[in-house]
Amino acid sequence: MNNRISILAVLLAAPLAGCISLSAKPPASLLTLTSAAALPVGETQKSSASGTITIGVPAISQELSSNRVPVRSGGTAIAYVKDAQWVEPPSRLFARLLTDTITAQTGRVVLSYRQSRMDPGAQLSGELRAFGIDAETHEAVVTYDAALLRGTDPVFEKRRFEARVAVPRIDSENVGPALNQAANHVAAEVAEWVGK
């Protein structure tokens, strides 16, 4: 009798399993960053011919630790753009964009942390302070506080980079391209600074 009740309960619950979801519905598409700097295909880079650099994934606040796009309003209130979600955390996307841009603009060989144990070269680290939308000005804002160690001499240079790009409407269609443009602007400025 108990077996029949258990089987009956499972059969009755089975049609409901497709209707119940414990997580949010994913958006139709995900956002990513694409580099405006063209990387040469098939070109071999040698660390003996150009300098090396190790680029760290930027530190981020809790606001940016999710894959959603934050919207700041009134200075202290934070919401998120409906149906706008990054394919991976913004800090990793931005680090990859920095890698592509610095490689293309400076010719430096970008090393992974494992490779940098032999010859770290320059080291770039920092904090991604803003990577979202300002609701009051309708702008995409990217702010990166960079720290650069140019060689073996333990002297750090620090500099803040920021770019703002107008967003016509704060929705999932418009925030991605504006943030991509702002991130590319910041990455280009960082590459110019690193290349000096």
Taking all heavy atoms of [X] and all of [Y], pick out the closest pair and write down the distance.
{"X": "R169", "Y": "V167", "answer": "O-CG1, 3.0 Å"}
{"X": "V71", "Y": "A135", "answer": "CG1-CB, 3.7 Å"}
{"X": "L31", "Y": "A84", "answer": "CD1-CB, 4.1 Å"}
{"X": "L64", "Y": "I60", "answer": "O-CD1, 3.4 Å"}
{"X": "A191", "Y": "Q105", "answer": "CB-NE2, 3.5 Å"}
{"X": "L149", "Y": "P154", "answer": "CD1-CA, 3.8 Å"}

Original post:
Is the number of heavy atoms from other residues, nucleotides or ligands under 6.0 Å of Q181 CD greater than 12?
Top reply: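 Open: at most 12 neighbouring heavy atoms sit under 6.0 Å from CD of Q181.
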Original post:
Does CD belonging to E157 count more than 12 external heavy atoms closer than 6.0 Å?
Top reply: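 Count over threshold, so yes.
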When you measure from the side chain of [X] to the backbone N and O of [Y], does any donor-acceptor pair fall under 3.5 Å?
{"X": "N184", "Y": "N180", "answer": "yes"}
{"X": "D134", "Y": "V141", "answer": "no"}
{"X": "D171", "Y": "V81", "answer": "no"}
{"X": "R150", "Y": "V194", "answer": "yes"}

Subject >> Selection residues 53-75 - residue pairs positive for salt bridge (Lys or Arg N to Asp or Glu O under 4.0 Å), sequence neighbours left out >> reply: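 Residue pairs passing salt bridge (Lys or Arg N to Asp or Glu O under 4.0 Å), neighbours aside: E63-R72.
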Atom [atom1] in [X], atom [atom2] in [Y]: separation rounded to 0.5 Å?
{"X": "T143", "Y": "R160", "atom1": "OG1", "atom2": "CZ", "result": "6.0 Å"}
{"X": "S73", "Y": "I133", "atom1": "OG", "atom2": "CD1", "result": "12.5 Å"}
{"X": "S29", "Y": "E173", "atom1": "OG", "atom2": "CD", "result": "7.5 Å"}
{"X": "D100", "Y": "T34", "atom1": "CG", "atom2": "OG1", "result": "10.0 Å"}
{"X": "N67", "Y": "L30", "atom1": "CG", "atom2": "CG", "result": "8.0 Å"}
{"X": "T32", "Y": "L179", "atom1": "OG1", "atom2": "CG", "result": "12.0 Å"}

Original post:
If Ile, Leu, Val, Met, Phe, Trp and Tyr residues are connected whenever their side-chain heavy atoms lie under 4.5 Å apart, and connections chain through other members, are I78 and V175 in the same group?
Top reply: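 The answer is no; the residues belong to distinct hydrophobic clusters.
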In residues 91-99, what donor-acceptor pairs under 3.5 Å come from side-chain atoms, sequence neighbours left out?
from	atom 1	to	atom 2	distance (Å)
R96	NH1	E88	OE2	2.6
R96	NH2	E88	OE2	3.2
T99	OG1	A95	O	3.0

Original post:
So, E162 and R164, do they make that salt bridge, N to O below 4.0 Å?
Top reply: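 The answer is yes: the pair qualifies as a salt bridge.
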Subject >> Full working for side-chain contact (heavy atoms from CB on, under 4.5 Å) between W86 and L33 >> reply: CA-CA 9 Å; W86 296 107; L33 297 178; 4.0 Å; yes
**OP:** Start with the C-alpha gap between T106 and T101, add the side-chain angles, then the distance that decides, and say whether side-chain contact (heavy atoms from CB on, under 4.5 Å) holds.
**Re:** CA-CA 8 Å; T106 69; T101 306; over 6 Å; no
**OP:** Walk me through it: do I102 and L124 pass the test side-chain contact (heavy atoms from CB on, under 4.5 Å)?
**Re:** CA-CA 11 Å; I102 288 171; L124 178 67; 3.9 Å; yes
Original post:
ring pair (Phe, Tyr, Trp, His ring centres under 6.0 Å): which pairs involve residues 177-196, sequence neighbours left out?
Top reply: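 Qualifying pairs, neighbours excluded: F161-W193.
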